[in-house]
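Note sheet for the following structure.
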Amino acid sequence: MKRKSSLVKFIIVLVVTAIGLVACFVGFPYRSAGGDIWNYNGFIFAIDLGLDLKGGVYAVYEANGETPDDDAMNGTVSQLTDMLTRQGYTEATVVREGSSRIRVEVPDVDEPDEIFEIIGNPVELAFYHSEDASWSADDEFLFAGDAVDSASAVLSGNQYQIALNLNDSGADIFAAATEAHAGDGTYILICEVHEESGESVVDRIISAATVESAISNGEATITGNFTAQSAQELADRIMSGTFSVPLSLIDSSVVDPTLGSSALTAGLVGGIIAIVAIMVFMAIFYKMMGMVACVTMVIYMVLMLFLLAVFPMVQLSLPGIAGIILSVGMMIDGNVIIYERIKDEYRNGKSILAAYHAGFKKAVSAIVDGNVTTIIAAVMLLIFGTGTISGFGVTLLIGLVLSMFASLVVTRFILKWTLAIWGTKDPKLYGLKRRPGFNEADEEEYVPAPKRERRRRRQTVTTPEGIAVEIDPDAVPGQEEENADVQTDSAADRHASDDFDDIFGSFDGGDKK
């Protein structure tokens with residue numbers, strides 16, 4: 001590879017990396033083609049932060065009674081998510097913990113009490129038909145709260161109302177009840193209930209509405225002297241009793257945004273110190289190869305921050321920062337494995353160029369094996385973990401995949417260009433030493449493997465006996481078997497690691513002008 005072309009490629013990589021760093025941290029205004037002015041913020045600011053970094057509230061619920069089935073629990077998770085999303089809390093996360101618990105986290109909340117009013121302590125609801133506005137044991141049970149698909153506050157004319165949408169079974173029962181009692185002055189009661197000795201016991205009535213007309217489409221409205229706030233509170237109260245699984249609040253807390261900010265600052269400072277310490281270590285112990293590792297680390301961090309910003313499933317937390325730092329360590333560990341293989345090969349008699357090729361080939365399996373086993377662990381955390389544990393698994397998984405790419409691809413090409421630019425005559429420049437007593441006349445030079453011949457165009461013909469045979473129309477008669485034998489022997493003699501150059505490209509010199 002020529003020195004000039006290597007220098008150009010290396011400079012291009014540095015410029016692109018510098019642009020990436022600017023795009024990561026710096027914001028600036030720009031004018032669109034239509035003349036509008038937009039503000040660009042560095043994509044690091046687009047990363048979603050978790051509860052422990054951004055502040056907010058969390059609550060943990062447990063299913064009442066026996067352990068519910070997965071479908072019911074998943075349905076309840078979906079209902080809680082929908083309820084919070086409708087209230088504008090799109091960053092809220094609702095996840096299962098174990099088989100019977102649900103954890104709700106809502107980051108960046110200005111008024112935590114509002115969240116507790118929305119998610120509150122879910123109750124069980126029951127709808128009754130009653131002769132008056134008070135409940136008695138003689139009242140007719142209609143259906144439970146899980147028959148309500150949605151409840152929302154709406155403005156009709158100049159009055160606020162609560163709009164109810166029922167599922168198919170609830171709509172049928174409601175249609176029959178309202179048709180039978182339309183205009184007779186009776187009531188539909190919505191009650192909070194709990195089970196006692198196998199029977200439902202009413203705790204309190206949250207709504208008592210008269211039956212004015214038959215409702216057959218499953219869409220009902222509750223009218224009254226509602227304000228916007230009281231209508232929304234009643235709608236939220238009804239929705240909290242519509243879950244597929246009855247829940248009880250067992251833990252809740254508010255995380256102060258200032259604490260989250262302090263935790264983020266501490267995590268970033270710790271990460272920066274760790275990265276700087278790693279760079280210093282690599283530069284001291286591996287000289288020019290260590291500097292290559294530092295450049296690779298910067299490229300890795302730019303790519304990592306970009307992926308964290310664009311992946312919708314990522315929500316960065318303190319354990320997530322730990323996952324990033326761990327993956328940085330894995331990336332540098334891959335570089336160390338490569339460099340130690342190169343040093344061993346040079347120590348035992350190979351030239352710098354030959355040691356470079358042999359070192360990469362022999363390091364591949366160790367790097368891949370080490371990362372794949374950790375990736376499996378990260379996937380298990382992602383599947384079975386919850387909350388911040390899952391966040392740790394996500395960042396670790398992204399970081400490990402990126403670390404393999406950085407170690408095996410980015411480092412290889414940058415080191416290849418470095419060898420071409422600085423030459424391969426000074427081993428001290430790369431921190432390389434011979435073993436004691438080695439005779440330089442015995443140095444083993446790098447010999448590029450011959451390029452594979454293109455596969456010849458073949459076609460299939462059918463013999464008079466009906467047998468399909470593949471032939472090469474350009475082959476000389478009588479040479480097919482001989483060529484096949486030669487190719488087979490050659491393939492058998494090749495080591496599998498020789499395919500490394502076929503994937504990442506070969507390098508046939510470092511001191512050419």
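Sequential numbering from 1 along the given sequence is applied to the chain's residues. This structure is a prediction, so every number in the text was calculated from the model and none was measured.
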TODO: Measure across Gly393 and Leu381 and return the closest heavy-atom pair with its distance rounded to 0.1 Å.
DONE: CA-CB, 4.2 Å
Open item on the list: Within the 4.5 Å heavy-atom criterion, are Val379 and Leu397 side-chain neighbours or not?
Closed with: yes
Open item on the list: Any non-hydrogen side-chain atom of Val394 less than 4.5 Å from a side-chain atom of Phe311?
Closed with: no
Open item on the list: With a 6.0 Å cut-off (strictly less than), is the heavy-atom count around CZ of Phe285, excluding the residue itself, greater than 12?
Closed with: no
Task: From CE (Met282) to CD1 (Ile332), nearest 0.5 Å - done: 5.0 Å
Open item on the list: Does the structure place the NZ or CZ of Arg103 under 6.0 Å from the centre of the six-membered ring of Tyr58, at an angle of no more than 45° from the ring's axis?
Closed with: yes
Open item on the list: For Trp417 and Phe413, take the angle between the two ring planes, folded into 0 to 90°, and tell me which bin it lands in: parallel under 30, tilted 30 to 60, perpendicular over 60.
Closed with: tilted
Open item on the list: Pair Val148, Leu166 - check side-chain contact (heavy atoms from CB on, under 4.5 Å), show working.
Closed with: CA-CA 4 Å; Val148 179; Leu166 307 177; 3.8 Å; yes
Open item on the list: Can you confirm whether Glu97 sits close enough to Ile102 that some side-chain heavy atom of one is under 4.5 Å from a side-chain heavy atom of the other?
Closed with: no
Open item on the list: Can you tell me which residue among Leu402, Leu308, Leu305 is in a side chain to side chain contact (heavy atoms under 4.5 Å, CB included) with Ile324?
Closed with: Leu308
- [ ] Mind running side-chain contact (heavy atoms from CB on, under 4.5 Å) on Leu429 and Lys287 for me, showing each step along the way?
- [x] CA-CA 6 Å; Leu429 187 63; Lys287 305 297 191 295; over 6 Å; no
TODO: Identify the two heavy atoms, one from Phe10 and one from Ile421, that lie closest to each other, and give their separation to 0.1 Å.
DONE: CB-CD1, 4.0 Å
- [ ] Mind listing the closest non-hydrogen atom pair of Val193 and Asp203 along with its distance?
- [x] C-OD2, 3.7 Å
- [ ] Kindly indicate whether the side chain of Tyr300, heavy atoms from C-beta on, has any atom under 4.5 Å from the side chain of Ser327.
- [x] yes
- [ ] Can you measure from CG (Leu419) to CG (Leu415) and round to the nearest 0.5 angstrom?
- [x] 4.5 Å
Open item on the list: Within the 4.5 Å heavy-atom criterion, are Phe174 and Phe143 side-chain neighbours or not?
Closed with: yes
Open item on the list: Strictly distance-based, threshold 3.5 Å: is any side-chain N or O of Asn74 a donor or acceptor partner for the main-chain N or O of Asp70?
Closed with: yes
Open item on the list: Can you tell me how far apart CG (Leu164) and CD1 (Ile162) are? Round to the nearest 0.5 Å.
Closed with: 8.0 Å
Open item on the list: As an exercise, state the distance from CD1 of Ile367 to CD1 of Ile338, rounded to the nearest 0.5 Å.
Closed with: 3.5 Å
Open item on the list: With heavy-atom distances below 4.5 Å as the criterion, would you say the side chains of Phe405 and Ile299 are in contact?
Closed with: no
Open item on the list: Is it the case that the side chain of Thr424 and the backbone of Ile352 share a donor-acceptor pair, with hydrogens and angles ignored and the cut-off at 3.5 Å?
Closed with: no
Task: Donor-acceptor contact below 3.5 Å, side chain Thr395 vs main chain Phe392 - done: yes
- [ ] Search all heavy atoms of Ala235 against all heavy atoms of Ala153 and return the closest pair with its distance.
- [x] CB-N, 3.9 Å
Open item on the list: Is a donor from one side chain sitting under 3.5 angstrom from an acceptor on the other, for Tyr286 and Glu340?
Closed with: yes
Task: Residues His357, Arg412; criterion side-chain contact (heavy atoms from CB on, under 4.5 Å); working and verdict - done: CA-CA 9 Å; His357 279 275; Arg412 177 174 173 83; 4.0 Å; yes
Open item on the list: If you count every heavy atom of other residues, nucleotides or ligands that lies below 6.0 Å from Asp369 atom CG, does the total exceed 12?
Closed with: yes
Task: Any side-chain heavy-atom pair of Ile222 and Gln161 under 4.5 Å - done: no
Task: N/O donor-acceptor pair under 3.5 Å between Ser407 side chain and Ser403 backbone - done: yes
TODO: Starting at CH2 of Trp422, measure out to OG of Ser6 and round the result to the nearest 0.5 Å.
DONE: 13.0 Å
TODO: State whether the number of non-hydrogen atoms from other residues, nucleotides or ligands found under 6.0 Å of Met291 atom CE is greater than 12.
DONE: no
Open item on the list: To the closest 0.5 Å, what do you measure between CE (Met330) and CD1 (Ile375)?
Closed with: 8.0 Å
Open item on the list: Quick check against the 3.5 Å criterion: does Tyr160 have a side-chain atom that pairs as donor or acceptor with the backbone of Val154?
Closed with: no
TODO: Using the side chain to side chain contact (heavy atoms under 4.5 Å, CB included) rule, pick out the option among Ile325, Leu382, Leu326, Val401 that qualifies with Leu396.
DONE: Leu326
Open item on the list: I want to check something: taking the side chain as every heavy atom from C-beta on, are Ile250 and Tyr61 in contact at a cut-off of under 4.5 Å?
Closed with: no
Task: Heavy-atom closest contact (Glu345 atom, Gly359 atom, distance) - done: CG-N, 4.1 Å
Open item on the list: Apply side-chain contact (heavy atoms from CB on, under 4.5 Å) to residues Arg101 and Arg96 and explain how you reach the verdict.
Closed with: CA-CA 6 Å; Arg101 290 187 177 183; Arg96 290 180 58 179; over 6 Å; no
Task: Shortest non-hydrogen contact between Tyr339 and Ala293, atoms and distance - done: OH-N, 3.5 Å
Task: Tyr346 side-chain N/O to Arg341 backbone N/O, donor-acceptor pair under 3.5 Å - done: no
